Participant: 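The structure follows.
Remember, it's 1-based here, ligands and their atoms both numbered in the order they're listed. Everything numeric here is computed off the predicted structure, so don't read it as measured data.
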Amino acid sequence: MAIGVFDSGVGGLTVHRKLVRRFPGADFVYLADQANAPYGGRPGEEIVELTRAGCDRLFAEGCDLVVLACNTASAIALRRLQQTWLPGRRRELGRPVNVLGIIVPTIEAATGLPWEHEAERRGDKVEKLDILAVFATPATAKSRVYEIEIDKRRQDVAVFVEPCPELAGMIEGNAGAVQLAAAIETHVGQITARIGRPPDRAILGCTHYEIVADMFRAALKPGTPLIHQPDATAEALAAYLARHPEYEAGSSGLRRFLTTGKPGAQHELVETFWEAPLSFERA
Ligand code: DGL
């Protein structure tokens, strides 16, 4: 079998690249739903339906395990699909299939605690010492998943989320460096003003933003640690595969890149990040 990697567009390539480095012999099929990107401003029901269709497409390509390399799909669609769609789909397909998200590993990395851990809540007031900024799409921000799940585990961490409504679309559309840097500086400025001081750590909570991580580094206080979603996701996948021998990652080193949008070469911003030409097939 192959491992499917899904995103609305090119953002998931940041996760895919890390997964391929972690599992060089494994087979991977990447699907970008570029006909419908960006997802971050869409209503929840649409995000659920598009994510379901993307996962199904990857199951049809022979993937048994799909990694949602997309915060928006993970925050809005994953639980619904796991509860209401996957059990029936497994029966119909007659084989084990599963979908894994990107937010659980990111929260584990941000809290330093396994997902199962929920802090015992004491009555006394906890002083928040560690200020964590999360940059995300409007849909992810609205879900409040980062605030809720981190607060359950670490009451000493204060989470501030900055929605960046235009950013994924700009990256998907090959915006210029000057425009991108200006948009990122504005968001970093806005969240810093809201907090009242620069954040201590940050999460680029949309996989597209990792493509321009250097611009975030330049806009944040020098040395601000970034919690790295691709690393966290690769470690989580390794642990999942070790626990679930029914899923194998394949061994022929297959790399396929599919898009629901325009097939062919990807734009300059993506190729600069990828450091090689990259061509997508029609999904
Ligand atoms: N890359 C995605 C994420 O991590 C989606 C961005 C979008 O389509 O708005 O949220």
Side-chain angles (χ1 to χ4, degrees), residues 4-19 30-55 58 66-79 81 99-107 109-110 133-146 149 161-175 180 183-184 187 202-213 215-216 226-234 236 257-261 266-267 269-270 273-274 280 283:
V5 180
F6 177 73
D7 184 37
S8 62
V10 294
L13 290 171
T14 61
V15 175
H16 178 279
R17 185 172 73 169
K18 185 69 205 188
L19 297 183
Y30 185 90
L31 174 60
D33 188 15
Q34 289 177 305
N36 298 299
Y39 280 9
R42 288 181 178 275
E45 285 308 313
E46 280 183 30
I47 297 170
V48 173
E49 182 45 32
L50 293 169
T51 306
R52 188 203 59 72
C55 292
L58 285 164
V66 172
V67 176
L68 296 181
C70 175
N71 288 264
T72 310
S74 303
I76 309 299
L78 181 57
R79 189 171 299 173
L81 296 181
V99 181
L100 308 177
I102 189 173
I103 290 179
V104 169
T106 308
I107 285 171
V134 182
F135 299 91
T137 66
T140 302
K142 206 166 146 227
S143 77
R144 302 189 43 113
V145 63
Y146 280 106
E149 297 298 342
V161 179
E162 172 72 7
C164 309
E166 76 293 34
L167 209 48
M170 286 174 76
I171 295 165
E172 201 58 47
N174 198 25
L180 280 165
I184 290 166
H187 287 298
I203 295 176
L204 305 186
C206 165
T207 51
H208 280 72
Y209 305 168
E210 184 63 31
I211 294 178
V212 289
M215 293 184 188
F216 275 96
L226 295 183
I227 290 147
H228 197 244
Q229 286 202 306
D231 284 353
T233 308
F257 296 90
L258 310 178
T259 181
T260 58
Q266 291 295 306
H267 59 61
L269 192 58
V270 175
F273 161 79
W274 197 253
F280 278 52

Participant: Would you say ligand 1 has an N or O under 3.5 Å from any N or O of T140?
Facilitator: no
Participant: At what distance is the nearest protein heavy atom to atom 7 (C) of ligand 1, and which residue and atom is it?
Facilitator: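 Scanning the protein heavy atoms, the shortest distance from atom 7 (C) of ligand 1 goes to Y39 N, 3.3 Å.
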Participant: Testing the basics here: between Y146 and T140, what is the closest heavy-atom pair and its distance to 0.1 Å?
Facilitator: CE1-CG2, 4.1 Å
Participant: I'd like to check which ligand 1 atoms, numbered from 1 as shown, lie under 4.0 Å from a non-hydrogen atom of T72.
Facilitator: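 Checking each atom against T72, I get 3 (C), 5 (C), 10 (O).
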Participant: Does any N or O in the side chain of Y209 come within less than 3.5 Å of the main-chain N or O of L167, such that one atom is a donor and the other an acceptor?
Facilitator: no
Participant: I need the atoms of ligand 1 closer than 4.0 Å to a non-hydrogen atom of C206, numbered in the order shown.
Facilitator: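 Those of ligand 1 that fall under 4.0 Å from C206 are 1 (N), 2 (C), 3 (C), 4 (O), 6 (C), 10 (O).
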Participant: Do side-chain atoms of T233 reach the backbone of I102 as a donor and acceptor pair under 3.5 angstrom?
Facilitator: no
Participant: Taking 4.0 angstrom as the limit and counting only heavy atoms of A168, give me the atoms of ligand 1 inside it, by number and element.
Facilitator: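 Near A168, meaning under 4.0 Å from one of its heavy atoms, ligand 1 has 6 (C), 7 (C), 9 (O).
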Participant: Any N or O of N71 that comes nearer than 3.5 Å to an N or O of ligand 1?
Facilitator: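 In this structure, N71 places an N or O atom under 3.5 Å from an N or O of ligand 1.
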Participant: For ligand 1, which atoms sit closer than 4.0 Å to a heavy atom of T137?
Facilitator: 6 (C), 9 (O), 10 (O)
Participant: Any side-chain to backbone donor/acceptor pair from T72 onto A139? Under 3.5 Å, distance only.
Facilitator: no
Participant: Can you confirm whether the side chains of N71 and Q229 place a donor and an acceptor under 3.5 Å from each other?
Facilitator: yes
Participant: Less than 3.5 Å between some nitrogen or oxygen of G40 and one of ligand 1, yes or no?
Facilitator: yes
Participant: Can you tell which part of A37 has a heavy atom less than 4.0 Å from ligand 1: side chain, backbone, both or neither?
Facilitator: neither
Participant: To the nearest 0.5 angstrom, please state how far the CG atom of L50 sits from the CD atom of E45.
Facilitator: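 It comes to 11.0 Å.
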Participant: Under a 4.0 Å heavy-atom limit, does D7 contact ligand 1 with its side chain, its backbone, both, or neither?
Facilitator: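 Side chain only.
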Participant: Keeping H228 on the side-chain end and L204 on the backbone end, is there a donor-acceptor pair under 3.5 Å?
Facilitator: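 Not a single qualifying donor-acceptor pair exists.
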Participant: Below 4.0 Å, non-hydrogen atoms only: which portion of S8 touches ligand 1? Side chain, backbone, both or neither.
Facilitator: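 Side chain only.
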Participant: Looking only at atom types and distance, does a side-chain atom of Y39 sit under 3.5 Å from a main-chain N or O of A73, one as donor and one as acceptor?
Facilitator: no
